[in-house]
Amino acid sequence: MTISTLLAGKTILITGAASGIGAAAAIAFSAHGAKVSLADINTEGGEKLAHTIEGNGGSAMFVPTDVGSAHDVESMVQATISRFGHLDCAFNNAGIDGDLAPLHETTEENWNRVIAVNLTGVLLCLKYEITHMLGEGHGSIVNNSSVAGLIGMPYGISSYAATKHGVIGLTKVAALEYGARGIRVNAVCPGIVRTNILDQAIRDGVVTEQEAAAIAPIRRLASPSEIAEAAAWLCSDAASYVNGHAMAVDGGITAM
């Protein structure tokens with residue numbers, strides 16, 4: 001059900017859309033009037049969400065995608081265009097945390113896996129999304145970075161933090177290269193968000209909910225929908241003069 005016209009008439013591609021922030025974005029973007037193309041390696045979750053959105057009166061499709069594969073990413077963009085006719089916006093959200101460990105204990109296997117999804121995946125998405133958008137003469141792309149892409153965080157996330165800093169670098173370069181050609185590229189940088197990954201860390205005893213919430217001056221966890229709404233605004237024409245920006249949605253962590 002549409003609750004606003006913020007994204008009316010737009011087709012938006014969302015990676016990592018089967019759960020967490022990606023799923024919240026799919027629901028929010030649809031509620032704001034967008035047609036949504038959902039991409040994820042989780043076929044069951046992605047198809048279920050697409051059916052739910054369509055059942056609620058929205059327009060959605062699902063494309064099984066490994067963002068670390070150039071073939072999959074190119075096919076993802078083409079499938080979206082084949083279904084909806086064009087691509088106006090993209091939310092490059094897919095990402096993984098990797099294994100938590102001090103830097104000197106980080107394995108090359110973990111490093112390579114996190115780089116493949118979080119950084120190479122964003123590069124490939126940008127490449128194929130922008131290639132299409134150049135032909136259209138317009139577009140808006142939002143990359144999902146992290147507060148860990150803006151500051152250092154001593155939680156055993158060296159691989160993750162490196163990729164998220166890299167995402168901001170890619171965002172700024174793309175914004176400079178394509179802004180004059182009608183394509184805006186920005187990043188959203190979430191703080192501590194209530195997702196399945198965090199819930200698992202709490203269950204595993206890695207951190208308590210109170211400790212996680214206390215990291216932010218606002219003293220609570222973010223909901224995935226709060227990050228999704230920030231991404232929706234960046235995608236929208238309401239943010240038409242915002243380009244190359246890394247927006248912290250972190251409850252004040254970067255203000256400290």
Out of curiosity, [X] [atom1] to [Y] [atom2], how far, rounded to the nearest 0.5 Å?
X: Q210; Y: L221; atom1: CD; atom2: CG; result: 9.5 Å
X: K164; Y: S145; atom1: NZ; atom2: OG; result: 6.0 Å
X: H51; Y: M61; atom1: NE2; atom2: CE; result: 12.0 Å
X: D66; Y: D40; atom1: CG; atom2: CG; result: 10.0 Å

[X], [Y]: one ILVMFWY side-chain cluster at the under-4.5 Å cut-off?
X: I157; Y: W111; value: no
X: I141; Y: V63; value: yes
X: L124; Y: V185; value: yes

>> Show, in sequence, the C-alpha distance, side-chain angles and deciding distance for I183 and L134, and conclude whether the side-chain contact (heavy atoms from CB on, under 4.5 Å) test is met.
In response: CA-CA 8 Å; I183 301 170; L134 285 171; 3.8 Å; yes

Validation row: [X], [Y] side chains within 4.5 angstrom (heavy atoms):
X: C125; Y: M76; result: yes
X: C189; Y: I168; result: yes
X: L7; Y: S236; result: yes
X: I115; Y: T120; result: yes
X: L49; Y: F62; result: no

>> Go through it in stages, so that I can follow the logic: the residues are D72 and V67, the test is side-chain contact (heavy atoms from CB on, under 4.5 Å), and I'd like the CA-CA distance, side-chain angles, deciding distance and then a yes or no.
In response: CA-CA 7 Å; D72 275 19; V67 295; over 6 Å; no

Could you tell me whether a side-chain N or O of [X] sits under 3.5 Å from a main-chain N or O of [Y], the two making a donor and an acceptor?
X: D88; Y: S140; answer: no
X: R184; Y: L234; answer: yes
X: N110; Y: G98; answer: no

> Is it true that atom CZ of R181 has more than 12 heavy atoms of other residues, nucleotides or ligands lying nearer than 6.0 Å?
Replying inline: no

> Hey, is CD1 on I202 packed in by over 12 heavy atoms from elsewhere, all under 6.0 Å?
Replying inline: yes

So which heavy atom on [X] is nearest to which on [Y], and how close?
X: A26; Y: L38; result: CB-CD2, 3.5 Å
X: W233; Y: A239; result: O-CB, 3.2 Å
X: A70; Y: Y128; result: O-CE1, 3.9 Å
X: G191; Y: V147; result: CA-CG1, 3.9 Å
X: N186; Y: G244; result: OD1-N, 3.0 Å

Looking just at side-chain N and O atoms, do [X] and [Y] make a donor-acceptor pair shorter than 3.5 Å?
X: Q200; Y: D204; value: yes
X: N196; Y: S19; value: no
X: T106; Y: S158; value: yes
X: Q78; Y: H132; value: no

>> Run the salt bridge (Lys or Arg N to Asp or Glu O under 4.0 Å) test on K127 and E74 for me, step by step, so that the C-alpha distance in whole Å, both residues' side-chain angles and the decisive distance to 0.1 Å come before the verdict.
In response: CA-CA 9 Å; K127 176 179 178 178; E74 184 177 19; over 6 Å; no

